[in-house]
Novice: 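Before we start, here is the structure in question, set down as structure tokens.
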Amino acid sequence: MRLELPFFQRDSITLAQELLGKLLVREIDGVKIVTKIVETEAYMGAEDKAAHSYNNRRTPRTEVMFGRAGIAYVYIIYGMYYCLNIVAAKEGIPQAVLIRGVEPIEGLDILRKNRIIKSKKIQDLTNGPGKLCQALNIDKTLNGSDLILDNKLYIIDNKEKHETISAKRINIDYAGEYKDKLWRFYIKDNIYISKK
DNA sequence: GGCCCGATTTGCT
DNA sequence: GCAAATCGGGCCA
């Protein structure tokens with residue numbers, strides 16, 4: 001079952017945990033790539049010094065986070081990689097969840113084709129925010145795309161059980177007291193985690 | 001217009 | 001362990 005608005009319309013900490021185990025589907029020309037979300041991070045908006053939308057900073061880039069939940073926020077990092085986020089909370093509250101790791105379920109051949117790397121470890125295909133965007137062919141044209149109404153990218157439910165681990169977020173040393181918040185979540189023992 | 005830096009990844013030392 | 005790659009976004013002038 002495809003996930004609808006009420007699922008996304010919660011604070012980003014709750015959504016980040018709820019997204020674990022769910023299936024992220026990417027459709028390109030009718031062909032589906034299916035992955036399982038195994039690692040996420042919550043960005044709590046106005047109060048969160050690590051968030052692009054800290055202090056309600058509203059710019060062309062952060063604009064989508066102020067919009068409706070269930071919209072994709074895709075931004076460019078280090079001039080060469082993309083990061084995929086899902087907008088959380090009510091309109092006007094700029095929270096989002098960063099997808100940091102996914103496990104391939106269907107379409108492994110396409111993921112391989114999209115990721116030309118020397119490493120032969122299967123986990124290096126999608127165990128990081130920039131890596132999974134490359135593997136799933138997610139770029140800035142998907143910024144603002146609607147995971148509830150559009151077919152390019154969406155989430156479907158999965159009842160499978162798993163154990164969730166909470167940890168500090170990665171690479172946000174600039175965030176003062178917010179750098180130590182345990183707002184990173186991942187599925188215990190999964191190999192597609194970006195970092196232990 | 002110019003400057004600084006980043007929610008990263010990779011391959012080499 | 002570490003530095004290079006590479007450029008848009010935010011901010012100030």
Side-chain angles (χ1 to χ4, degrees), chain A residues 8 11-17 19-20 24 35 37-67 69 71-89 93-104 111-145 147 153 165-186 191-196:
Chain A
F8 297 101
D11 69 88
S12 65
I13 295 174
T14 303
L15 181 60
Q17 295 170 81
L19 279 169
L20 290 179
L24 176 68
T35 63
I37 298 171
V38 302
E39 180 182 355
T40 58
E41 277 179 4
Y43 286 85
M44 283 293 277
E47 65 162 274
D48 183 0
K49 289 183 181 172
H52 295 158
S53 52
Y54 172 57
N55 222 4
N56 283 318
R57 180 164 55 181
R58 196 160 185 157
T59 67
R61 183 172 67 150
T62 64
E63 187 61 32
V64 291
M65 282 195 277
F66 287 84
I71 302 281
Y73 167 46
V74 180
Y75 67 90
I76 298 170
I77 185 70
Y78 294 97
M80 59 185 115
Y81 297 106
Y82 297 97
C83 287
L84 170 66
N85 296 249
I86 299 173
V87 175
I93 299 177
Q95 298 183 4
V97 174
L98 171 67
I99 309 298
R100 291 193 58 90
V102 300
E103 173 182 332
L111 300 178
R112 280 218 165 87
K113 201 177 62 185
N114 289 343
R115 294 262 309 143
I116 316 283
I117 46 170
K118 289 195 173 173
S119 169
K120 289 194 171 158
K121 292 186 201 156
I122 184 78
Q123 60 266 38
D124 284 331
L125 287 177
T126 54
N127 65 344
K131 296 178 186 178
L132 69 91
C133 281
Q134 203 173 68
L136 294 172
N137 198 21
I138 291 168
D139 62 21
K140 246 197 130 177
T141 63
L142 284 180
N143 187 45
S145 109
L147 310 205
L153 191 67
I165 307 285
S166 305
K168 293 181 186 178
R169 292 176 292 176
I170 306 289
N171 285 342
I172 51 155
D173 290 344
Y174 55 86
E177 70 272 26
Y178 279 83
K179 78 178 165 62
D180 294 323
K181 297 280 183 189
L182 301 178
W183 289 350
R184 172 175 173 242
F185 306 96
Y186 58 87
I191 65 165
Y192 293 90
I193 302 306
S194 63
K195 219 175 164 189
K196 284 269 162 83

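All values below were derived from every heavy atom in this structure, side-chain atoms included, with hydrogens, water molecules and symmetry-related copies excluded. Protein chains get the first letters and strands the later ones, always in sequence-line order, with residue 1 at the start of each.
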Novice: Measure CD1/A:I170 against P/B:dT8 and give the value in whole Å, please.
Specialist: 8 Å

Novice: Any side-chain to backbone donor/acceptor pair from A:Q134 onto A:G130? Under 3.5 Å, distance only.
Specialist: no

Novice: Could you state the atom-to-atom distance from CD1 of A:I116 to P of C:dA5 in whole Å?
Specialist: 21 Å

Novice: Determine, answering yes or no, if A:Y78 is stacked on B:dT8 under the 5.5 Å centre rule and the 30° plane rule.
Specialist: yes

Novice: In whole angstrom, give me the gap between the C1' atoms of B:dA7 and C:dG1.
Specialist: 22 Å

Novice: Choose from C:dC11, B:dT9, B:dA7 the nucleotide whose nearest atom is closest to any side-chain atom of A:H52.
Specialist: B:dA7

Novice: For A:R61 and B:dC5, what is the distance between atoms CZ and P respectively, to the nearest whole Å?
Specialist: 15 Å

Novice: Counting only side-chain N and O atoms of A:Y174, is one of them less than 4.0 Å from OP1 or OP2 of B:dA7?
Specialist: yes

Novice: Can you check whether A:Y73 reaches A:R61 side chain to side chain, under 4.5 Å on heavy atoms?
Specialist: yes

Novice: Got a donor-acceptor pair under 3.5 Å from the side chain of A:Y75 to the base of B:dA7?
Specialist: yes

Novice: Given C:dG8, B:dA7, B:dT10, identify the nucleotide with an atom nearest to the side chain of A:K131.
Specialist: B:dT10

Novice: So, is A:N171 close to the B:dA7 phosphate, meaning a side-chain N or O under 4.0 Å from OP1 or OP2?
Specialist: no

Novice: Both distances below 3.5 Å, Watson-Crick or wobble geometry, any strand: find the nucleotide opposite B:dT10.
Specialist: C:dA3

Novice: Can you check the A:K118 NZ to B:dT10 C1' distance for me, whole Å?
Specialist: 10 Å

Novice: Measure the distance from CD on A:Q134 to P on C:dT6 and round it to the nearest whole Å.
Specialist: 13 Å

Novice: Among the candidates B:dA7, B:dT8, C:dG9, find the nucleotide nearest to the side-chain atoms of A:K140.
Specialist: C:dG9

Novice: Roughly, in whole Å, what's the span from OH in A:Y81 to P in B:dA7?
Specialist: 15 Å

Novice: For DNA chain C, whose closest nucleotide is more 5', that of A:T59 or that of A:G79?
Specialist: A:G79

